[in-house]
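Owing to the predicted nature of the structure, the values given are computational and were not obtained by experimental measurement. Counting from 1, the numbers follow the sequence of the chain as shown.
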Amino acid sequence: MEHSQEHEASLEQTQRYCVQRPIYNEELLQGQLHRRERTPQTLRQKIAHSCRCSSKKAKSHLYSCIPILKWLPRYPVKEYLLGDIISGISTGVMQLPQGLAYALLAAVPPVFGLYSSFYPVFLYTFFGTSKHISIGTFAVISMMVGGVAVRQVPDEMIPVGYNSTNVTDSLEYFDARDTKRVQVAVTLAFLSGIIQLCLGLFRFGFVAIYLTEPLVRGFTTAAAVHVFTSQLKYLLGIKTSRYSGPLSVVYSIAAVLSKITTTNIAALIVGLTCIVLLLIGKEINLRFKKKLPVPIPMEIIMVIIGTGVSAGMNLSESYRVDVVGNIPQGLRAPAVPDIQLIPAIFVDAIAIAIVGFSMAVSMAKIFALKHGYAIDGNQELIALGICNSVGSFFQSFSITCSMSRSLVQESTGGKTQIAGALSSVMVLLVIVAIGYLFEPLPQAIWVVAFVASLFLGLDYGLLTAVAFAMITVIYRTQSPQYRILGQIPDTDIYCDVEEYEEVKEYPGIKIFQANASLYFANSESYTSALKKKTGVDPCAVLAARRKAQKRHAREIKKANLSLSFIYLLSQSNDVEASVKHEIANDELPVNGRYADASVQDMSPDEQEHFVEPKLNIHSLILDFTPVNFVDSVGAKTLKSVIKEYKEVGVRVCIASCRAPVVSELTRLNFFDNAVTREWLFHSIHDAVLACQVKGRSGSQADSDL
């Protein structure tokens with residue numbers, strides 16, 4: 001191996017090329033080339049082709065609309081079921097306290113948080129494409145819902161004739177207020193779900209490319225500040241008004257500070273104790289992650305302890321600590337949302353729909369990249385739309401993906417959406433059977449994106465950040481075009497192989513070009529086009545090789561069992577001679593290996609079933625002539641491409657990379673021991689000659705073996 005590499009390096013260093021050709025200008029070159037003849041399709045033909053339906057096409061559309069039909073029949077029970085069960089239980093344990101707590105952020109009674117943790121989660125199992133995200137209540141969305149509910153039904157909306165000294169009237173007022181806020185929250189979920197559903201049907205999932213990693217981090221950091229501010233009054237046991245919209249964080253902190261002297265010491269002690277214990281539990285889980293079969297469910301432990309202490313010490317009456325309160329048993333009958341509220345909350349529904357989609361797709365993309373599968377942005381919109389719109393008929397408010405629960409679901413061994421379905425079953429158990437046990441539970445349980453989300457509010461902040469990203473994209477690039485290049489014979493000129501008849505490709509070498517820079521807006525489309533144009537998808541190749549290896553192992557095992565059986569028969573005196581004769585004829589034991597005559601008689605299709613798939617290329621050249629800049633996302637994408645193709649034996653080279661781009665890659669720590677500057681070539685032809693040396697070296701190495 002080392003000798004082969006040294007020989008290859010020596011050939012690359014000593015290889016020279018000399019080209020003699022006329023000086024071509026564009027006019028002369030175009031005069032000597034002949035464009036391929038193409039018959040353009042008429043509008044009628046295009047419409048007829050798009051409307052044409054076959055059983056295969058109908059089946060494909062059905063699978064894309066209801067993904068569970070595709071993956072559930074192939075579900076490997078032995079490999080996945082245990083992990084999904086453990087993950088479902090762990091996620092369901094978190095779902096319970098978060099559902100109760102986030103309902104308070106949404107300004108609705110806690111039981112509606114449980115409804116929102118059951119119906120949408122169960123529906124996503126059938127329509128979602130991500131295998132690892134946990135759908136349900138989320139602090140950011142709950143706060144946005146609560147802001148709208150409080151705006152439409154404020155605390156100051158006291159009915160005529162209300163007497164604050166009458167306890168019965170006071171309870172009736174709060175019940176009436178909560179009922180109206182539930183109507184607002186439910187209608188908001190219905191409307192945001194319809195908006196998401198329409199966007200998905202009209203294929204607006206492409207907006208996910210504008211949700212870059214820096215944007216999402218800035219937004220989520222600002223969201224954390226909003227969540228902390230909203231929970232501060234519950235931690236201190238202070239009664240303040242709710243604020244929403246621009247500068248709501250400032251107003252909320254000012255309101256808490258103005259009433260800091262009314263702090264409920266008992267509520268503060270309960271809250272701080274919970275925080276300390278949760279931090280201890282998190283540290284234990286992190287430190288002993290490899291030794292613990294599953295993370296310690298500190299959240300549910302705190303819920304159980306907090307509920308027991310609250311009930312035993314009667315914290316509600318003795319120390320005036322707010323508790324969850326009544327949790328009715330059983331599921332509610334379906335009800336139609338209040339359609340009359342739609343005009344007043346339409347703009348808020350759009351913001352919630354966009355924020356919810358952005359959070360879900362951001363997390364889904366992270367897990368899909370980590371585990372090597374693809375998600376469909378349009379189908380995710382449709383899935384969230386169905387979860388929100390259908391769930392609203394069962395009194396659930398708007399939901400999306402939870403970052404913390406998704407991390408738990410993935411880290412505890414979750415493999416498919418089955419884990420989410422099991423977590424929803426746990427919530428259902430609480431709703432219909434043991435919800436009353438949680439009634440005494442105490443209630444205290446980057447630049448542009450961050451600044452805008454912090455001071456303008458989460459809805460306007462995200463819209464501002466996305467608008468800024470879109471303006472940047474429009475200013476810097478247009479939609480890129482992708483092509484495979486080939487050589488004009490006897491020259492060092494490379495053109496589109498689909499454009500000219502004379503252009504030829506080198507055997508085993510693919511040259512890929514995109515007429516745009518590589519950065520966050522087109523990194524995903526760049527990778528997808530690369531795999532499509534070259535015809536090589538490393539993930540699919542590796543999966544096929546693993547399947548082939550498993551099939552080969554099973555065949556070896558089966559052959560060994562057959563040989564053992566024959567050997568036992570050979571010990572019999574009656575058939576000893578005949579068995580030995582058969583073994584000799586079949587040439588079974590040869591140098592410790594076994595060969596089956598039937599394998600030699602296999603057809604090519606049968607052999608392909610057992611043999612690992614072979615690639616028809618050994619080198620891939622990325623033409624960076626049109627690339628003017630590369631950002632951090634583009635550099636990560638490029639490095640990931642090099643790594644993926646290297647795993648399947650394809651060398652990736654970069655040709656015609658400009659000096660400023662090389663400097664930018666250096667600043668982004670692109671080069672390391674695995675990816676060195678030897679991957680870069682001055683021109684395409686230099687890269688082609690080097691790849692030809694690799695191809696000849698590889699062939700020589702194979703012949704030596």
Drop me the distance from [X]'s [atom1] to [Y]'s [atom2], to the nearest 0.5 angstrom.
X	Y	atom1	atom2	answer
T91	L407	OG1	CG	10.5 Å
K59	K70	NZ	NZ	10.0 Å
K533	L620	NZ	CG	13.5 Å
S423	F122	OG	CZ	11.0 Å
F397	Y102	CZ	OH	10.5 Å
I399	I135	CD1	CD1	5.0 Å

Would you mind reporting whether [Y] and [X] have side-chain heavy atoms less than 4.5 Å apart?
X	Y	result
F126	I386	no
R483	E498	no
W71	K131	no
F127	C387	no
V361	K365	yes
I89	L422	no
F512	V641	no
S130	Y373	yes

Closest heavy-atom contact between [X] and [Y]?
X	Y	answer
L518	S523	CD1-CA, 4.0 Å
F394	R332	CD2-O, 4.4 Å
D348	A344	OD2-O, 4.0 Å
S389	G385	OG-O, 2.6 Å
V536	Y645	O-OH, 2.9 Å
A514	P626	O-CG, 3.2 Å

Judged by atom type as modelled, is there a donor-acceptor pair below 3.5 Å linking the side chain of [X] to the main-chain atoms of [Y]?
X	Y	value
E380	T129	yes
R405	Q95	no
D178	P109	no
S396	G391	yes
Y482	S528	no
S517	N628	yes
S87	Q409	yes
S640	K636	no
S358	V355	yes
K531	P538	no

Does a sphere of radius 6.0 Å around [atom1] in [X] hold more than 12 heavy atoms from other residues, nucleotides or ligands, not counting ones at 6.0 Å or beyond?
X	atom1	result
K56	NZ	no
K415	NZ	no
Y75	OH	yes

Report task. Could you please spell out the steps behind the side chain to side chain contact (heavy atoms under 4.5 Å, CB included) verdict for L622 and L530? Result -> CA-CA 9 Å; L622 305 179; L530 176 64; 4.0 Å; yes

If you look only at distance, which donor and acceptor atoms sit under 3.5 Å apart when one is on a side chain in residues 184-202 and the other is two or more places apart or in another chain?
{"unit_1": "T187", "atom_1": "OG1", "unit_2": "Q183", "atom_2": "O", "d": "2.7"}
{"unit_1": "T187", "atom_1": "OG1", "unit_2": "D338", "atom_2": "N", "d": "3.2"}
{"unit_1": "T187", "atom_1": "OG1", "unit_2": "D338", "atom_2": "O", "d": "3.3"}
{"unit_1": "S192", "atom_1": "OG", "unit_2": "L188", "atom_2": "O", "d": "2.9"}
{"unit_1": "S192", "atom_1": "OG", "unit_2": "A189", "atom_2": "O", "d": "3.1"}
{"unit_1": "S192", "atom_1": "OG", "unit_2": "S398", "atom_2": "OG", "d": "3.3"}
{"unit_1": "Q196", "atom_1": "OE1", "unit_2": "N388", "atom_2": "ND2", "d": "3.0"}
{"unit_1": "Q196", "atom_1": "NE2", "unit_2": "A353", "atom_2": "O", "d": "3.1"}

Query raised in the report: Please walk me through it: do E410 and K370 pass salt bridge (charged side-chain N to carboxylate O under 4.0 Å, His left out)?
Result: CA-CA 11 Å; E410 187 266 346; K370 180 178 180 180; 3.0 Å; yes

Query raised in the report: For the residue pair H371 and F367, does the interplanar ring angle fall in the parallel (under 30°), tilted (30 to 60°) or perpendicular (over 60°) class?
Result: tilted

**Report entry** Residue pairs passing the side-chain hydrogen bond (donor to acceptor under 3.5 Å, both in side chains) test where at least one lies in residues 535-544, sequence neighbours excluded
**Finding:** none

Requested in this report: Please step through side chain to side chain contact (heavy atoms under 4.5 Å, CB included) for the pair T416 and Y80, ending with a clear verdict.
Outcome: CA-CA 8 Å; T416 66; Y80 286 2; 3.8 Å; yes

Just distance, no hydrogens or angles: give the donor-acceptor pairs under 3.5 Å from side chains in residues 136-145, sequence neighbours left out.
{"unit_1": "S142", "atom_1": "OG", "unit_2": "F138", "atom_2": "O", "d": "2.9"}

